[in-house]
There are 2 protein chains.
Amino acid sequence: MITKKELSLCPVETTVSLISNKWKTLILRELLSGTKRFGELRNGISGVSQKVLTQNLRSMEDDGIIGRKVYAEVPPRVEYFLTDLGNTLRPIIDAMAEWGLGYQAMVNNSNETNVASR
Amino acid sequence: MITKKELSLCPVETTVSLISNKWKTLILRELLSGTKRFGELRNGISGVSQKVLTQNLRSMEDDGIIGRKVYAEVPPRVEYFLTDLGNTLRPIIDAMAEWGLGYQAMVNNSNETNVASR
DNA sequence: TTGTATAGGTACCTTTAAGTAACTATTGGA
DNA sequence: TCCAATAGTTACTTAAAGGTACCTATACAA
């Protein structure tokens with residue numbers, strides 16, 4: 001968890017320091033639809049390696065954004081979920097999703113002709 | 001500008017691929033309040049080096065998010081501004097700013113006591 | 001003639017992030 | 001007895017990002 005003196009003065013910078021990373025944003029996207037197991041996250045986030053996924057999950061756990069629940073089973077089962085704090089990030093991811101949709105639509109229109117030649 | 005085939009299927013990923021970077025987000029924050037000169041951006045974004053600022057500005061220009069206007073003056077004057085597309089990113093930065101404010105308030109309360117001992 | 005201001009470019013080096021592969025633990029089942 | 005399954009860890013390597021310092025152009029002012 002970040003401490004008071006580490007807080008940047010600018011709120012945007014504060015937010016960026018917690019979720020500016022590509023992988024964290026995608027982890028957030030996954031967990032917004034509910035609790036997920038480690039393997040589900042790895043499958044859901046294309047291109048992420050086990051190491052990097054673990055690293056980012058730990059970091060987000062430290063930041064209090066996500067929670068981790070280990071079940072005493074074999075083979076192991078570990079579930080990740082958003083904390084209350086993590087859930088408050090939802091509007092940011094929603095805004096990103098919405099913008100991405102608009103952008104995709106724009107690109108699909110603007111180079112329809114170029115792409116048609118593929 | 002991104003081409004159709006480079007578009008990720010996920011809208012969040014599309015957005016992240018354009019602005020996931022810390023510096024780009026901060027450049028965006030600066031330009032949301034209006035046109036800025038290079039030097040103003042460098043001063044407004046604490047910790048950014050000239051090289052990195054230039055690199056990110058070029059990349060954002062290529063992505064069609066910002067524009068660049070060079071005045072034929074000496075010493076040179078170059079202004080950066082958001083394009084129409086860039087302006088559509090405003091809700092994302094706004095959401096980040098709002099979240100950051102809430103988070104700062106939370107941290108300021110939760111470790112009031114620890115911090116009091118400084 | 002020399003310095004100043006602005007917006008870079010470039011070369012070189014360091015730091016950080018990420019990829020890859022191999023290894024661990026445990027237990028139920030073939 | 002040995003393999004499969006899950007969620008990791010660790011060591012080693014490569015790629016990307018960033019830092020630092022120094023260089024450029026040019027018109028004006030001292």
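Per chain, numbering begins at 1; letters A, B, ... match sequence-line order.
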Original post:
Backbone N or O of B/Gln55 within a donor-acceptor pair of the B/Ser59 side chain at under 3.5 Å?
Top reply: no
**OP:** Could you pick out which residue, A/Val52 or B/Phe38, lies toward the 5' side of DNA chain C when each is mapped onto its nearest nucleotide?
**Re:** B/Phe38
**OP:** Please determine, for the side chain of B/Tyr80, which listed nucleotide (C/dG8, D/dG8, D/dT20) has the closest atom?
**Re:** C/dG8
Original post:
Rounded to the nearest Å, what distance is computed from the CD atom of residue A/Glu79 to the C1' atom of nucleotide D/dT6?
Top reply: 13 Å
Original post:
A/Gln55 has an atom CD; how far is it from atom P of C/dA18, in whole Å?
Top reply: 8 Å
**OP:** Using a 4.0 Å heavy-atom cut-off across all strands, classify A/Arg42 as base, sugar-phosphate, or nothing.
**Re:** nothing
Original post:
Should we count CD of A/Glu98 as having more than 12 external heavy atoms under 6.0 Å?
Top reply: no
Original post:
A/Pro76 has a side chain; which of D/dG18, D/dT6, D/dA27 sits nearest to it?
Top reply: D/dT6
Original post:
Looking for any heavy atom pair under 4.0 Å, which part of the strands does A/Tyr71 touch: base, sugar-phosphate only, or nothing?
Top reply: nothing
Original post:
Expressed in angstrom and rounded to an integer, what is the separation of B/Lys36 atom NZ from C/dT6 atom C1'?
Top reply: 18 Å
Original post:
The side chain of A/Asn21 lies closest to which of these nucleotides: C/dA18, C/dG8, C/dT26?
Top reply: C/dA18
Original post:
Which whole-number value in Å describes the distance from B/Arg37 CZ to C/dG8 C1'?
Top reply: 13 Å
Original post:
Nearest-Å distance, CZ (B/Arg77) to P (C/dG8)?
Top reply: 13 Å
Original post:
Is any side-chain nitrogen or oxygen of B/Ser49 closer than 4.0 Å to OP1 or OP2 of D/dG19?
Top reply: yes
**OP:** For A/Leu57 and D/dT6, give me the distance from atom CG to atom C1', rounded to whole Å.
**Re:** 14 Å
**OP:** For a side-chain contact (heavy atoms from CB on, under 4.5 Å) with A/Trp99, tell me which candidate from B/Val12, B/Leu85, B/Ile19 qualifies.
**Re:** B/Leu85
**OP:** Measure the distance from CD on B/Glu73 to C1' on D/dC28 and round it to the nearest whole Å.
**Re:** 13 Å
Original post:
When the distance from CZ of A/Arg58 to P of D/dT10 is rounded to whole Å, what number comes out?
Top reply: 11 Å
Original post:
For DNA chain C, whose closest nucleotide is more 5', that of A/Pro75 or that of A/Lys51?
Top reply: A/Lys51
Subject >> Check: A/Thr83 side chain, A/Gly64 main-chain N or O, donor-acceptor pair, under 3.5 Å >> reply: yes
Subject >> Contact under 4.0 Å: A/Trp23 side-chain N or O vs C/dA18 OP1/OP2 >> reply: yes
Original post:
Take atom CD in B/Glu30; do more than 12 heavy atoms of anything else shown fall under 6.0 Å from it?
Top reply: yes
Original post:
Heavy atoms under 4.0 Å, any strand shown: does B/Gln50 hit a base, just sugar-phosphate, or nothing?
Top reply: base
